[in-house]
Amino acid sequence: MKEFATGQIRNIVLAGHSHAGKTSLLEAILYNLKLTDRLGRIEDGNTSSDYDAEEIKRGISINTALVPVEFREHKINFLDAPGTRDFIGEIRSTVRVADAMIIVVDATSGIETGTELAWELAEEFKLPRMFVINKINHERAQFDSVVQQIRDTFQCSDILLNFPSGVGADYCGCINLLRMKLASGDAGKVKYDDIPAEISDRATELRAALIEAAAEGDDELTSKFLEGETLSHGEVLRGLKEDLLDNRICPVIVASATEGAGCMGLLDFIIECFPAPGEEGPFEAKDARTGKEFALRYNPAAPVTAFVFKTISDPFAGHLTFFKVLNGTLTNDSVLLNATRGVEERVAHLQTLRGKRPEPVTNVAAGDIAVLAKLNNTHTDDTLCDPRAPMRIEPTAQPPHTVHMAVKARNKEDEDKISISMHRLIEQDPTLHLHRDPEIHQTILSGMGDTHLDVAVSRLKSQSKVDVDLEKPHVPYRETIAKKASGQGKHKKQSGGRGQYGDCWIRLEPLGEGEGFQFAWEVVGGAIPTKYTPSVEKGIQQAMLRGIISNHPVVDIKAVCYDGSFHAVDSSDMAFQVAASKAFKNVAREAAPVVLEPVFKLKVIVPEQFLGDVMGDLNSKRGRILGVDTDGCKQIVEAMVPQSEIFEYSKELRSMTQGRGTFEAQYDHYDRVPADIQAKIVAAAAPGEEEEE
Ligand SMILES: Nc1nc2c(ncn2[C@@H]2O[C@H](COP(=O)(O)OP(=O)(O)OP(=O)(O)O)[C@@H](O)[C@H]2O)c(=O)[nH]1
Ligand SMILES: [Mg+2]
């Protein structure tokens with residue numbers, strides 16, 4: 001591929017709801033530019049950007065695909081992001097390195113949750129953005145109402161760059177309002193004709209709105225416009241660009257990916273009006289040695305700094321590192337410091353990828369996005385830089401995990417491999433998390449949704465041949481006591497030779513939540529020699545681990561040993577441990593044992609119309625509503641809900657709110673379970689180990 005200077009580069013993320021047609025639109029662009037010899041289809045699993053086996057199987061994008069195209073002496077790096085919220089990690093990492101966003105909207109369904117998410121991300125990352133209303137050829141397509149929805153939902157000043165001549169079955173082309181031509185034809189062969197007379201009035205009216213918006217771009221254009229002068233094509237584009245960068249307008253283009261319509265107008269607009277890297281401000285970094293804030297301004301002559309926003313590691317592609325150069329110019333045979341990990345990496349085989357097809361490049365200018373193979377020590381979110389000017393870039397902030405499942409190997413011998421193999425996936429996708437929970441003796445995989453975890457499991461199998469199942473994790477119940485009790489534990493054995501003798505009297509007292517375990521020694525007069533104090537304490541603690549009524553560990557109690565007896569020959573450390581364990585068992589049963597469950601603080605964010613359902617559901621989950629707040633058109637409900645009720649909340653909330661609700665859950669405290677549930681937990685518990693007499 002040719003080399004491009006920073007000013008000739010455009011990094012554009014395609015975002016929007018799943019199924020809106022992002023991948024198909026890109027396919028149409030490639031076909032229109034004759035970069036492919038057939039128009040790939042999602043249904044046929046042969047598009048350039050959805051090439052991964054998991055994507056083909058599921059018919060959705062899971063990975064961001066990098067698809068660079070050359071157009072009018074420019075290089076546009078399209079980043080085809082997933083639309084499914086489960087892949088929010090991939091979406092956010094991609095948006096962070098883009099310089100502008102195209103939000104693709106399905107003309108048959110209008111604004112959806114993924115559209116809103118895309119807009120929120122464009123706001124958060126301060127990206128200029130435009131809409132593409134896709135599928136205009138579809139029988140259920142709507143145009144005017146979708147434009148109205150965009151206006152109402154995002155309170156933006158939409159500017160049509162084209163509009164359809166006919167919708168659905170009547171669709172026969174788009175009126176390009178910049179060229180004032182009817183663009184039509186099959187994918188790959190766009191032709192331009194005069195605007196049909198019956199819609200020429202509408203075209204004139206919409207063009208006038210476009211020119212008026214462009215005239216607001218800067219003072220010179222405004223006065224020219226007010227004086228009645230005609231703005232040249234170049235001035236109109238200049239004005240629109242100013243508007244776009246100042247977030248005064250939101251351009252809209254209508255398209256049909258499967259018809260290949262709207263693509264050329266879109267490409268023109270990207271070149272003319274979307275910013276080159278750096279036009280929208282610098283990228284924040286820190287000097288790796290001093291920690292001082294540093295603004296990277298895409299200066300091609302500066303020492304190199306590049307941010308790794310994505311890595312892929314699989315048996316077919318090998319290890320690929322996707323990065324954006326934020327300063328300097330990267331060349332083959334240079335040495336880079338991975339400032340995040342403190343290791344050096346040699347640059348060889350610089351390349352770009354179009355979907356899965358690599359194309360070698362000799363150098364990569366500031367602002368460009370490219371790929372390196374075989375950087376085995378570099379992972380997603382790392383910073384690569386000139387060793388003489390080390391920089392550190394913060395990892396992309398990601399929302400908290402929403403789904404947690406226990407991972408179980410199908411074959412026992414695979415158990416040890418889970419951690420290593422899964423960590424290879426986590427290095428690529430930091431929104432996956434794996435940890436061993438010692439309390440419930442399970443390995444827990446956390447992620448952003450069921451499909452996210454499902455894909456991770458599939459990849460584990462295809463890449464590492466490790467077959468696992470996901471199960472609902474156990475609830476880490478605990479036990480405590482509700483009142484004081486006291487009593488004896490005695491261990492006496494005489495079986496020839498030296499016997500065993502230990503005898504202690506203990507008192508158990510409840511403590512407050514989180515106070516743990518306290519032990520006191522109140523034995524007087526040498527009834528038990530003090531050297532057995534640790535033995536008694538240890539015996540009690542061992543018994544606490546086994547639980548009182550349901551085999552769950554006991555917490556928040558105070559144990560006091562206040563009396564006992566011993567035998568000069570037969571007493572031993574072990575004998576007193578056993579006696580103390582018995583004492584605990586005997587006394588704890590009398591101390592009103594109760595089962596405790598973890599309670600999470602849930603923050604649920606939903607559009608107002610779902611508030612009633614969400615609150616009702618939280619109540620049915622034994623939730624305690626703490627409050628409801630308003631944030632714009634969204635309601636934020638805070639509630640305390642037992643963990644056992646929210647393992648499937650991600651799925652449930654999605655179906656309750658048509659996918660529009662989000663939530664965060666954080667462990668808060670342990671609380672007593674209600675009596676009926678305690679009875680079930682006790683009944684389900686396996687009988688505790690009986691100690692031999
Ligand atoms: N009729 C019609 N169907 C389209 C058009 N564009 C896309 N589709 C269909 O819409 C479906 C979804 O298209 P994709 O390109 O996978 O959508 P996407 O936005 O990439 O979806 P995710 O990757 O899941 O976010 C496919 O079945 C396409 O064939 C169009 O212009 N007209
Ligand atoms: Mg896609």
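Atoms within each ligand, like the ligands themselves, are counted from 1 in listed order. Every value quoted in this text rests on a predicted model; they were computed, and no experiment measured them.
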Electrostatic pair [X]:[Y] at N-O distance under 4.0 angstrom:
X      : Y      : value
Lys241 : Glu272 : no
Glu112 : Arg660 : no
Lys324 : Asp368 : no
Lys126 : Asp99  : no
Arg459 : Asp52  : yes

Sort out the contact shell of ligand 1: every protein residue with a heavy-atom distance below 4.0 Å, listed by chain and number.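 Residues within 4.0 Å of ligand 1: His17, Ser18, His19, Ala20, Gly21, Lys22, Thr23, Ser24, Ile42, Glu43, Ile60, Ser61, Pro82, Gly83, Asn134, Lys135, Asn137, His138, Ser256, Ala257, Thr258.
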
Protein N, O or S atoms lying under 2.8 Å from the Mg ion (ligand 2), listed by chain and number: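 Metal shell, protein only: Thr23 OG1, Ser61 OG.
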
Residues, nucleotides or ligands: over 12 heavy atoms within 6.0 Å of Lys634 NZ: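 For Lys634, atom NZ is crowded (more than 12 foreign heavy atoms under 6.0 Å).
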
Residues in ring-ring contact (aromatic ring centres under 6.0 Å, His included) with Phe307, at least two apart?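 For Phe307, no residue satisfies ring-ring contact (aromatic ring centres under 6.0 Å, His included) once neighbours in sequence are set aside.
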
Polar contact flag, side-chain donor to acceptor under 3.5 angstrom, Asp106-Asn134: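 Checked: Asp106/Asn134 side chains show no N/O donor-acceptor pair below 3.5 Å.
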
Residues in side chain to side chain donor-acceptor pair (under 3.5 Å) contact with Asp170, at least two apart in sequence or another chain: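 Asp170 satisfies side chain to side chain donor-acceptor pair (under 3.5 Å) with no other residue.
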
